[in-house]
Amino acid sequence: MIPELPERVTVPLEAAAVPIDPRRPGRIGCRRCGRALELNQPDPDDPDRWLGTCPACGCWQVVEILDGERMALVVVLPVVDLVREAIRAAGARPDRPD
């Protein structure tokens, strides 16, 4: 049975502007553990936006290159448990796969 979910929930996001080392432009550290993110570019038509995944802690982050490749805006995507909690707080009961 599919649970009834609210149309929208609010979850906190962590975002930061971080400098990019010009000697290592493809190296952006995970906002959670500091290890280098593995960067993937899902949309070739948007070369300044990347999806970063951390091989150490599993965190997913959206990375947007700013200021002529000297800075990046990094947004940490919320974990599923945080989204489930927001759904519960909105009054719905999401099913959790076993």
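FYI, the numbering just counts along the sequence from 1.
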Review point. To the nearest 0.5 Å, what is the distance between CG (Leu82) and CG (Leu77)?
Key: 11.5 Å
Practice item. Given side-chain contact (heavy atoms from CB on, under 4.5 Å), test Thr53 with Asn40 step by step and report yes or no. Key: CA-CA 8 Å; Thr53 55; Asn40 301 288; 4.1 Å; yes
Practice item. Not counting sequence neighbours, which residues clear side-chain contact (heavy atoms from CB on, under 4.5 Å) with Pro55? List them please. Key: Arg35, Glu38
Check your understanding: Do Val79 and Val76 sit in the same hydrophobic cluster, where Ile, Leu, Val, Met, Phe, Trp and Tyr count as joined when their side-chain heavy atoms come under 4.5 Å apart?
Key -> no
Review point. Looking only at heavy atoms, which two atoms of Ala86 and Thr10 are closest? And how far apart?
Key: CB-O, 3.7 Å
Review point. Is the backbone N or O of Val75 less than 3.5 Å from a side-chain atom of Glu14, with the two atoms forming a donor-acceptor pair by type?
Key: no
Check your understanding: Taking atom CD1 of Ile28 and atom CG of Leu39, what is their separation to the nearest 0.5 Å?
Key -> 5.5 Å
Revision key, fill the gap. Value for CD (Glu64) from CG (Asp48), rounded to nearest 0.5 Å, stands at 7.0 Å
Exercise for review: Spell out, as yes or no, whether a donor-acceptor pair under 3.5 Å connects the side chain of Gln61 to the backbone of Arg31.
Suggested key: yes
Exercise for review: Considering non-hydrogen atoms only, spot the tightest contact between Val63 and Leu37 and give its length.
Suggested key: CG2-CD1, 4.1 Å
Check your understanding: Taking side chain as C-beta onward, heavy atoms only, is Cys59 less than 4.5 Å from Cys33?
Key -> no
Check your understanding: Closest approach of Arg32 and Cys57, non-hydrogen atoms and distance?
Key -> CB-SG, 4.0 Å
Study note, to complete from the structure: Interatomic distance, CD1@Ile65 vs CE@Met71, rounded to 0.5 Å, equals 10.5 Å
